Enquirer: 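Can you keep this structure in mind? I'll have questions shortly.
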Amino acid sequence: MATKWSNSLIPTARQAPADAEVPSHQLMLRAGMIRKLGAGVYTYLPLGLRAIQKAMQIIRQEMDQAGAIEILMPTFQPIELWEKTGRREAYGQNLFVVKDRHGREQALGPTHEEIVTELAGAYIESYRDLPKTLYQIQTKFRDEFRPRFGVLRSREFQMKDAYSFHLELDGPGGLSETYDKQYAAYCRIFERCGIPYEIVEAEAGPIGGNASHEFMVPSPTGEDFILKSDKGNYAANVEKCEIGPRPRNLEAESKGDLAVIDTPGCLTIEDVCKFFKKNLGTKLKTQNMLKTLVCKAGDTWVIGVVRGDHELNEAKLRKAAGESDLVMADEAEARDAGFAIGFVGPHVAVGRTDVKLFVDPDAAQGGFWVTGANAADQHVKLFNWQRDVIDQGTLPEVADIRNALDGDPSPKEDGGILQMTKGIEIGHVFKLCSKYTQALNVQVVNENNERINPLMGCYGIGVNRIIASAIERDGGNDEHGIIWPVNIAPYQVLITPIKYEGEFVELADKLATALEAQGIDVLIDDRQERPGVKFKDADLIGIPWRITLGDKALAQESVELKARNGSNGPKGELVKIDAVVAQLVAAIQ
RNA sequence: CGGGGCGUAGCGCAGCUUGGUAGCGCGCCACACUGGGGGUGUGGAGGCCGCAGGUUCAAAUCCUGUCGCCCCGACCA
């Protein structure tokens with residue numbers, strides 16, 4: 001049976017709440033798809049639910065096609081598992097932890113690596129059981145520090161997550177094979193959903209290579225930064241993006257003597273620049289300063305130096321230093337170890353055997369650097385690498401350790417230039433290898449009866465984000481409302497009788513029944529509203545095809561057919577009643 | 001976590017400075033007119049002014065606390 005508008009719950013609104021900033025959020029609220037219950041928590045009303053279910057159905061079909069098997073794991077998870085893998089710490093505040101009546105802590109799952117690995121440990125015992133790919137679609141919880149943009153960053157959301165288990169990385173049945181299958185399935189899913197996407201390299205983790213990819217919808221409202229070479233042969237997210245070779249010159253001569261300047265309370269680069277302008281009358285640019293960041297790996301201090309206007313990339317520094325456990329140093333601890341946090345300069349490394357010094361090429365230059373004086377409330381100017389560090393017996397290592405920026409050279413070394421855009425992450429595929437099977441001591445026996453940790457892959461899709469991205473995408477909305485891709489639209493056809501009475505009732509029902517017999521879902525606007533109201537609402541909720549029933553067309557035994565995306569003209573077209581079903585079937589399938 | 005702001009009807013907002021019986025637009029209900037792009041009129045309903053204390057004859061308004069929400073920043077999927 002076709003849905004009658006009056007029987008559904010579609011609370012459209014003329015105005016969006018003031019706190020809805022981005023188009024998808026505003027339109028989902030105005031179209032009556034969702035209702036906010038609290039920060040980052042939404043009820044899905046009928047239209048929202050239908051859209052999400054359409055996306056889920058496509059995902060299911062493609063997962064099944066790719067050989068994955070659906071299961072459903074608990075949201076409510078023993079905290080011990082999270083402690084064993086170290087992710088309680090790693091997730092930190094983003095992990096929801098609840099106590100039961102006995103005071104035991106449980107996590108509300110933000111993802112399910114621990115749970116699925118435990119499951120595999122219980123039932124997958126032999127290489128004969130491999131490979132195996134399990135997936136689920138369910139609710140995840142993340143205590144986002146700052147939920148925003150409606151459904152794009154919420155605290156409770158729908159995710160498809162798949163996990164695969166393998167004996168080997170390569171070859172038949174290997175992790176790479178399944179990874180490629182999932183990758184291909186993702187492409188089909190997003191194509192069927194009708195959303196434009198780009199695939200970028202993401203931070204790969206322990207085994208390197210192309211071990212992780214993110215699927216991004218290009219959009220100014222995205223929160224992830226993507227860099228693409230203008231040669232079209234490289235794309236990566238900002239955490240991952242390497243930068244091509246850049247000139248360096250550590251040996252440049254100084255332009256004057258090192259001078260200490262009192263800079264009371266100037267803890268940041270910005271502070272120092274303001275101080276120079278205000279108190280010294282000198283215009284100091286951030287790019288003429290050196291930012292010296294103190295990190296720690298085990299007992300070793302690792303200092304990363306980047307230009308004042310650049311950002312340190314921790315993952316790059318970690319790789320350059322060869323220290324997998326490198327993190328930003330605790331401030332108090334660093335102070336105790338002799339680092340004047342806020343006033344650190346690269347020459348702090350001089351004479352210290354417990355410090356490794358790394359410098360980004362853009363910072364490894366001559367010039368008149370202003371940087372910390374390694375004493376509280378003091379900076380120095382005219383810092384010079386050769387004189388103040390190298391001649392003092394410390395050799396800094398030059399390495400790419402900063403985040404890439406628009407205009408940087410491509411790592412492909414083909415003259416390409418990186419360009420920065422923003423995107424919404426809708427999918428992520430990742431080779432986990434044995435991280436979790438080791439942590440949770442899951443083993444299988446191989447052909448030689450040896451016990452080994454199976455390799456894992458994980459593959460996630462943000463279902464809500466598919467819906468929001470479909471609206472955010474180019475052509476996904478206009479000044480009147482949403483424009484759905486046909487495959488994830490809440491309904492494919494909206495029948496709008498100008499008057500819902502008499503022969504129009506019968507005609508609407510007849511067309512709806514005929515369309516539904518062809519597998520097309522239909523919403524009938526049976527409300528006793530003025531035509532203008534119905535048309536405005538139709539545009540707002542964005543159903544791809546609208547059949548308008550009115551006297552004018554009926555006099556010619558016709559109806560009006562209009563595509564929401566304008567593909568059959570701004571006013572649509574007149575179609576004979578007998579022909580409209582066939583025409584829609586052809587257009588939709 | 002730092003800075004800023006906001007909580008008054010379903011939504012958008014005014015009222016607060018200078019305390020004196022709570023207002024506007026949209027939406028909602030009834031009736032009439034109207035009837036192909038949010039129409040018009042008349043009449044209505046709807047608020048513990050986030051919550052708790054305090055000051056006062058009197059608090060939406062002033063004070064204190066608290067909770068919630070939002071924005072910017074730092075942090076992070």
Side-chain angles (χ1 to χ4, degrees), chain A residues 9-22 25-26 29-32 35-41 45 87 89-96 109-111 113 140-150 152-155 157 159 161 202-203 212 214 216 222-225 237-240 267-271 293 311-312 314-315 327-328 331 423-428 430 458 460-462 465 479-481 496-501 504 525 527-541 546-555 559-560 562 570-572 574:
Chain A
L9 180 63
I10 309 173
T12 57
R14 220 183 272 221
Q15 290 171 307
D19 57 25
E21 297 176 87
V22 301
H25 190 194
Q26 293 170 348
L29 287 163
R30 286 191 52 212
R35 174 175 170 81
K36 180 162 109 167
L37 190 60
V41 181
L45 302 175
R87 290 175 93 203
E89 178 88 352
Y91 251 91
Q93 297 276 92
N94 272 354
L95 188 69
F96 271 112
T111 173
E113 281 83 0
K140 309 285 182 186
F141 295 88
R142 288 187 196 176
D143 195 356
E144 288 289 347
F145 169 68
R146 201 174 149 198
R148 57 183 151 179
F149 302 151
L152 282 173
R153 182 170 292 267
S154 51
R155 296 199 292 177
F157 56 97
M159 181 165 154
D161 47 330
E203 191 42 52
S212 178
E214 289 175 342
M216 302 283 207
E223 294 186 85
D224 293 88
F225 291 95
N237 69 15
V238 71
E239 285 82 27
K240 161 78 181 176
L267 285 160
T268 66
I269 298 280
E270 287 292 317
D271 291 342
L293 287 313
E311 282 176 19
L312 177 75
E314 264 183 64
V327 289
M328 283 296 284
E331 209 174 305
I424 300 165
E425 183 188 347
I426 50 171
H428 196 164
F430 202 97
C458 76
I461 292 181
R465 284 185 176 182
E479 70 271 29
H480 301 295
T496 304
I498 295 295
K499 286 175 288 203
Y500 191 69
E501 56 189 42
F504 293 113
D525 191 349
R527 294 175 300 169
Q528 302 298 322
E529 287 285 356
R530 300 174 63 85
V533 173
K534 292 186 171 193
F535 293 147
K536 287 288 183 191
D537 275 346
D539 288 346
L540 179 57
I541 70 171
R546 186 179 89 201
I547 300 174
T548 307
L549 309 182
D551 292 318
K552 292 178 202 164
L554 192 64
V559 296
E560 288 159 71
K562 184 167 182 245
K571 301 213 162 163
L574 215 54

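Predicted model only: the values in this text are computed from it and were never measured. Values below: all heavy atoms of this structure, side chains included; hydrogens, waters and symmetry mates excluded. Here is the naming used below: chain letters follow the sequence lines, and residue numbers restart at 1 for every chain.
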Enquirer: Using a strict 4.0 Å threshold on nitrogen-to-oxygen distance, state whether A/D19 and A/K36 make a salt bridge.
Expert: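 Here A/D19 pairs with A/K36 in a salt bridge, since their nearest N and O are under 4.0 Å apart.
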
Enquirer: Round to the nearest Å and state the distance from A/K240 atom NZ to B/rC76 atom C1'.
Expert: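 After rounding, the reported distance stands at 20 Å.
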
Enquirer: For B/rU55, which nucleotide is its Watson-Crick or G-U wobble mate, given both distances must be under 3.5 Å?
Expert: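 Pairing partner: none.
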
Enquirer: If the C1' atom of B/rG7 is compared with that of B/rA60, how far apart are they to the nearest Å?
Expert: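 Taking atom C1' in both B/rG7 and B/rA60, they lie 11 Å apart.
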
Enquirer: Which of these nucleotides, B/rC71, B/rC76, B/rG36, is closest to any side-chain atom of A/K552?
Expert: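 Of the options given, the side chain of A/K552 lies nearest B/rG36.
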
Enquirer: Assess whether one donor atom and one acceptor atom, taken from the side chain of A/Q15 and the base of B/rG25, lie less than 3.5 Å apart.
Expert: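 By the distance-only test, yes, there is a pair.
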
Enquirer: What are the two closest non-hydrogen atoms of A/A553 and A/L574, and how far apart are they?
Expert: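 A/A553 and A/L574 have their closest heavy atoms at CB-CD1, 3.7 Å.
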
Enquirer: Taking only the side-chain heavy atoms of A/V533 (C-beta and beyond), determine which of B/rC11, B/rC76, B/rG38 contains the nearest atom.
Expert: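 Nucleotide nearest to A/V533's side chain: B/rG38.
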
Enquirer: Figure out the NZ/C1' separation between A/K36 and B/rG7, and round it to whole Å.
Expert: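 To the nearest whole Å, that distance equals 12 Å.
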
Enquirer: Within this structure, what is the CD-to-P distance between A/E144 and B/rC70, rounded to whole angstrom?
Expert: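 Taking CD of A/E144 and P of B/rC70, I get 13 Å after rounding.
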
Enquirer: Looking only at atom C1', what distance separates B/rG73 and B/rG15, rounded to whole Å?
Expert: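 It works out to 33 Å between them.
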
Enquirer: So, A/R546 and A/E560, do they make that salt bridge, N to O below 4.0 Å?
Expert: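 A salt bridge is absent here (no side-chain N lies under 4.0 Å from a carboxylate O).
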
Enquirer: Begin from the C-alpha positions of A/L554 and A/F504 and carry the test side chain to side chain contact (heavy atoms under 4.5 Å, CB included) through to its verdict.
Expert: CA-CA 9 Å; A/L554 192 64; A/F504 293 113; 4.0 Å; yes

Enquirer: Mind checking A/A538 for me? I need base, sugar-phosphate or nothing, with any heavy atom below 4.0 Å counting as a touch.
Expert: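 Nothing, no nucleic acid heavy atom in range.
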
Enquirer: Which residue, A/E223, A/H25, A/E21, forms the side-chain hydrogen bond (donor to acceptor under 3.5 Å, both in side chains) with A/R148?
Expert: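 Among A/E223, A/H25, A/E21, the one that satisfies the side-chain hydrogen bond (donor to acceptor under 3.5 Å, both in side chains) with A/R148 is A/E223.
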
Enquirer: Among the nucleotides B/rG38, B/rG12, B/rC28, which one has an atom lying closest to any side-chain atom of A/A18?
Expert: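 Selected nucleotide (nearest to the side chain): B/rG12.
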
Enquirer: State the pairing partner of B/rC76; accept Watson-Crick or G-U wobble contacts with both distances under 3.5 Å, and report none otherwise.
Expert: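 By the stated definition (distances under 3.5 Å), nothing pairs with B/rC76.
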
Enquirer: Taking CD from A/E479 and C1' from B/rG38, how many angstroms apart are they, rounded to a whole number?
Expert: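 Spelled out: CD on A/E479 to C1' on B/rG38 is 15 Å.
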
Enquirer: Which base sits across from B/rC16 as a Watson-Crick or G-U pair, both distances under 3.5 Å?
Expert: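 Pairing partner, where one exists within any strand: none, as none qualifies.
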
Enquirer: What interatomic distance, in whole Å, is found between P of B/rU56 and the corresponding atom of B/rC70?
Expert: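 Nearest-Å result for B/rC70 against B/rU56 at atom P: 38 Å.
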
Enquirer: Does B/rC33 have a Watson-Crick or wobble mate here (both distances under 3.5 Å), and if so which one?
Expert: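 By the stated definition (distances under 3.5 Å), B/rG39 pairs with B/rC33.
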
Enquirer: With a 3.5 angstrom cut-off on both distances, give the Watson-Crick or G-U wobble partner of B/rC28, or none if there isn't one.
Expert: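 Base partner found: B/rG44.
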
Enquirer: Would you mind reading off the distance between A/L95 atom CG and B/rC76 atom P, rounded to a whole angstrom?
Expert: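 Value for this atom pair: 17 Å.
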
Enquirer: Taking the side chain of A/E314 as its heavy atoms from C-beta onward, which of B/rG38, B/rC70, B/rC76 lies nearest to it?
Expert: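 Nearest listed nucleotide: B/rC76.
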
Enquirer: Salt bridge or not between A/E144 and A/R153? Use side-chain N to carboxylate O under 4.0 Å.
Expert: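 Salt bridge flag = yes for A/R153 with A/E144.
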
Enquirer: Expressed as a whole number of angstroms, how long is the span from A/K534:NZ to B/rG39:P?
Expert: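 Whole-Å distance recorded here is 15 Å.
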
Enquirer: Considering only atom P, compute the distance from B/rC16 to B/rG50 and round it to an integer number of Å.
Expert: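 So the two P atoms sit 16 Å from each other.
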
Enquirer: Using atom P in both nucleotides, what's the gap between B/rA22 and B/rU61 to the nearest angstrom?
Expert: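 Rounded to whole Å, the distance is 13 Å.
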
Enquirer: The side chain of A/E529 lies closest to which of these nucleotides: B/rC28, B/rG38, B/rC70?
Expert: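 In terms of side-chain proximity for A/E529, the closest of B/rC28, B/rG38, B/rC70 is B/rC28.
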
Enquirer: Name the residue closer to the 5' end of RNA chain B, choosing between A/R35 and A/D551 according to the nucleotide with the nearest heavy atom.
Expert: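 The residue mapped nearer the 5' terminus is A/R35.
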
Enquirer: Using whole Å, what does the distance between atom P of nucleotide B/rG27 and atom CZ of A/R30 come to?
Expert: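 These atoms are roughly 13 Å apart.
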
Enquirer: When the C1' atoms of B/rA14 and B/rG25 are compared, how many Å lie between them, rounded to an integer?
Expert: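 11 Å, rounded to whole Å.
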
Enquirer: Taking the minimum atom-to-atom distance to the side chain of A/P17, which one of B/rC69, B/rG12, B/rG38 wins?
Expert: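 So the nucleotide nearest the side chain must be B/rG12.
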
Enquirer: Categorize A/K140 for me: base, sugar-phosphate, or nothing, with a 4.0 angstrom heavy-atom threshold over every strand shown.
Expert: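 Nothing, no heavy atom under 4.0 Å.
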
Enquirer: Does A/R530 put a side-chain nitrogen or oxygen below 4.0 Å from OP1 or OP2 of B/rG36?
Expert: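 The answer is no; no side-chain N or O of A/R530 sits under 4.0 Å from OP1 or OP2.
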
Enquirer: Does a side-chain N or O of A/K536 approach OP1 or OP2 of B/rG39 to a distance below 4.0 Å, or not?
Expert: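 No, A/K536 has no side-chain N/O under 4.0 Å of OP1/OP2 on B/rG39.
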
Enquirer: Quick one: A/D539 CG to B/rG38 P, roughly how many Å, whole number?
Expert: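 One finds 12 Å between P of B/rG38 and CG of A/D539, rounded.
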
Enquirer: Counting only distance, no hydrogens or angles, is the base of B/rG36 paired donor-acceptor with the side chain of A/E560 under 3.5 Å?
Expert: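 Such a pair is found, so the answer is yes.
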
Enquirer: Quick check on RNA chain B: between A/E214 and A/K562, whose nearest nucleotide comes earlier from the 5' end?
Expert: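 That would be A/K562.
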
Enquirer: Expressed in whole Å, how much space separates the C1' atoms belonging to B/rA30 and B/rG12?
Expert: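 Pairwise C1' distance, B/rA30 against B/rG12, rounds to 25 Å.
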
Enquirer: Would A/T12 and A/D537 count as a side-chain hydrogen bond (donor to acceptor under 3.5 Å, both in side chains) here? Give the steps.
Expert: CA-CA 7 Å; A/T12 57; A/D537 275 346; 3.0 Å; yes

Enquirer: So, under a plain 3.5 Å distance rule, would you say the side chain of A/R546 forms a donor-acceptor pair with the base of B/rG37?
Expert: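 Answer yes: a donor N or O sits under 3.5 Å from an acceptor.
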
Enquirer: Counting distance only, does the side-chain N/O of A/K240 pair as donor-acceptor with the main-chain N or O of A/S212 below 3.5 Å?
Expert: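 Checked: no pair found.
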
Enquirer: With both distances under 3.5 Å as the test, what is the Watson-Crick or G-U wobble partner of B/rG68?
Expert: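 The base-pairing partner of B/rG68, which may sit in any strand shown, is B/rC6.
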
Enquirer: Pick the P atom in B/rU40 and in B/rG27, then give their distance to the nearest Å.
Expert: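 It comes out at 9 Å once rounded to the nearest Å.
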
